[in-house]
Amino acid sequence: MKIVTWNINSIRLRLPSLLNLISTLNPDIICLQETKCPDDKFPYDELIKIGFQHIAIKGQPSYNGVAILSKVKIKSILHHDFCNKKDSRYIGIETAKTKNIGPLIIHNFYVPAGGDEPNPEINEKFQHKLLFLDEMKDYLSESIKKPIGQIVTGDLNIAPHENDVWSHKALKNIISHTEIEINKLNTICNPEKWCDALRHEILDSEKIYTWWSYRNKDWEKSNRGRRLDHIWITKNIEELKKDILIYKNTRNWDRPSDHVPVMITI
DNA sequence: ATGGTTGTTTAACAA
């Protein structure tokens, strides 16, 4: 089973890229963030037509928006309104059991970016991010009590390791790589319960990036990336993990998202 | 230290 996470940054603008991604990687489940699409304008028909008959969405106009597209039957959809904001930053599913795998719970997060000023007392957006992480910790520690395999995916907007950013020194006071948010993320991704699938696969000494800013003239040449997109799996399905792919090619596609898709094969 | 770009929705906001 192949599961992809991708911050698509507008599903309507990038539907052709999504279809291209699907025909190239042939995933079974796709977790999208920043769909930026109200539910009544979601491109259901095109996706159902190519086999994603089971779709869970939580959209809103202009901002945020998450969706899970699945070829596997969805047994139930999970909702949670983090920070009582009525925004669209989380959706989860429990899949039906398939021949080889499942059921699985898949959590799809779009964690707040947090603005620019790394001080929660003067920056409400950073405060929101930190409170979101606190609530995420409680929510997942409750969910993980269920004795079935679980996966956390999404744009977590935090690059926790030194080699998840192009310069640990230059970014240590830049939101996404500050100590306070990294510490919070690390308490959620407790290694006794969760396996950080990318870091498990790739040596700590190697750089991993899944996002490159639009603001660099040549993203590939300057290569100032960050690992903001994550896939974690519970220890009880860790032995199922076969492969990880960071599909960097898409960053050179026409009208690219600033994030690239990440895929796990289990 | 500053400014660089993209997307949605209609000049401003978010990333």
Side-chain angles (χ1 to χ4, degrees), chain A residues 5-21 31-43 57-67 82-83 85-90 108-120 122-133 136 153-160 164-178 180-182 184-185 209-230 248-262:
Chain A
T5 178
W6 190 24
N7 179 322
I8 193 170
N9 188 16
S10 171
I11 191 170
R12 285 174 290 176
L13 185 71
R14 259 176 279 285
L15 184 60
S17 299
L18 179 59
L19 298 177
N20 197 358
L21 171 78
C31 297
L32 298 171
Q33 305 87 36
E34 281 204 273
T35 52
K36 294 185 173 175
C37 180
D39 290 353
D40 61 353
K41 297 198 171 133
F42 195 86
I57 59 174
K58 180 150 176 60
Q60 69 180 81
S62 304
Y63 307 116
N64 310 322
V66 285
F82 288 87
C83 302
K85 287 233 176 216
K86 306 262 186 295
D87 57 5
S88 300
R89 295 182 176 274
Y90 172 80
N108 181 22
F109 283 95
Y110 176 49
V111 173
D116 289 328
E117 175 55 59
N119 177 354
I122 58 174
N123 175 6
E124 272 180 33
K125 290 179 191 170
F126 194 45
Q127 175 72 348
H128 176 210
K129 184 178 200 176
L130 299 178
L131 292 171
F132 190 105
L133 292 168
M136 183 173 167
T153 63
D155 176 3
L156 305 186
N157 266 315
I158 299 172
D164 290 343
V165 291
W166 62 276
S167 166
H168 173 60
K169 201 176 152 196
L171 292 178
K172 67 180 172 37
N173 291 320
I174 300 294
I175 289 181
S176 76
H177 197 61
T178 66
I180 180 167
E181 55 192 314
I182 290 171
K184 283 189 188 288
L185 195 74
Y209 307 142
T210 65
W211 173 89
W212 290 262
S213 171
Y214 285 126
R215 297 178 193 182
N216 285 104
K217 205 176 259 174
D218 183 336
W219 72 276
E220 207 160 17
K221 191 170 164 219
S222 59
N223 198 27
R224 295 182 164 190
R226 304 179 202 171
R227 179 172 75 117
L228 302 180
D229 303 276
H230 296 252
K248 211 171 141 180
N249 277 355
T250 64
R251 193 63 180 77
N252 275 331
W253 286 2
D254 210 34
R255 294 274 230 149
S257 168
D258 45 355
H259 295 253
V260 300
V262 181

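Quick note on labels: first sequence line is chain A, next is B, and so on, each numbered from 1. Owing to the predicted nature of the structure, the values given are computational and were not obtained by experimental measurement.
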Quiz item: If we take the C1' atom in both B/dG3 and B/dA15, what is their distance in whole Å?
Solution: 15 Å
Quiz item: At under 4.0 Å between heavy atoms, what does A/Lys217 touch on the DNA or RNA strands: base, sugar-phosphate, or nothing?
Solution: nothing
Quiz prompt | A/Thr35 or A/Asp155, whichever maps to the more 5' nucleotide of DNA chain B | solution = A/Thr35
Exercise. Using heavy atoms to find the nearest nucleotide of DNA chain B for A/Arg12 and A/Trp211 separately, return the residue whose nucleotide is more 5′.
Key: A/Arg12
Self-check item: Residues which pass side chain to side chain donor-acceptor pair (under 3.5 Å) with A/Glu124, listed by chain and number, not counting sequence neighbours
Solution: none
Quiz item: By side chain to side chain donor-acceptor pair (under 3.5 Å), which residues pair with A/Asp40, not counting sequence neighbours?
Solution: none
Practice problem: Indicate the ring-plane relationship of A/His177 and A/His168, choosing parallel, tilted or perpendicular according to the 30° and 60° boundaries. | Solution: perpendicular
Practice problem: Take atom C1' in B/dT10 and the same atom in B/dA14, then report the distance between them in whole Å. | Solution: 15 Å
Exercise. Would you mind classifying the nucleic acid contact of A/Arg224 as base, sugar-phosphate or nothing, using non-hydrogen atoms under 4.0 angstrom?
Key: nothing
Quiz item: Taking the same atom, C1', in B/dA11 and in B/dG7, what whole-Å distance lies between them?
Solution: 14 Å
Quiz prompt | Cation over ring face, A/Arg226 and A/Trp211, 6.0 Å, 45° | solution = no
Self-check item: Whether A/Ser88 side chain and A/Gly65 backbone form a donor-acceptor pair below 3.5 Å
Solution: no
Exercise. Tell me what A/Arg251 touches on the nucleic acid: a base, only sugar-phosphate, or nothing, going by heavy atoms under 4.0 Å.
Key: nothing
Quiz item: Given the P atoms of B/dT6 and B/dT2, what is the spacing between them in whole Å?
Solution: 23 Å
Quiz item: What is the 5' to 3' range of DNA chain B, first to last nucleotide, that sits under 4.0 Å from any heavy atom of chain A?
Solution: B/dG4 to B/dA15
Quiz item: If you measure from the P atom in B/dT5 to the same atom in B/dA1, how many Å do you get, rounded?
Solution: 22 Å
Quiz prompt | Flag for A/Trp6-A/Asp229: side-chain donor and acceptor within less than 3.5 Å | solution = no
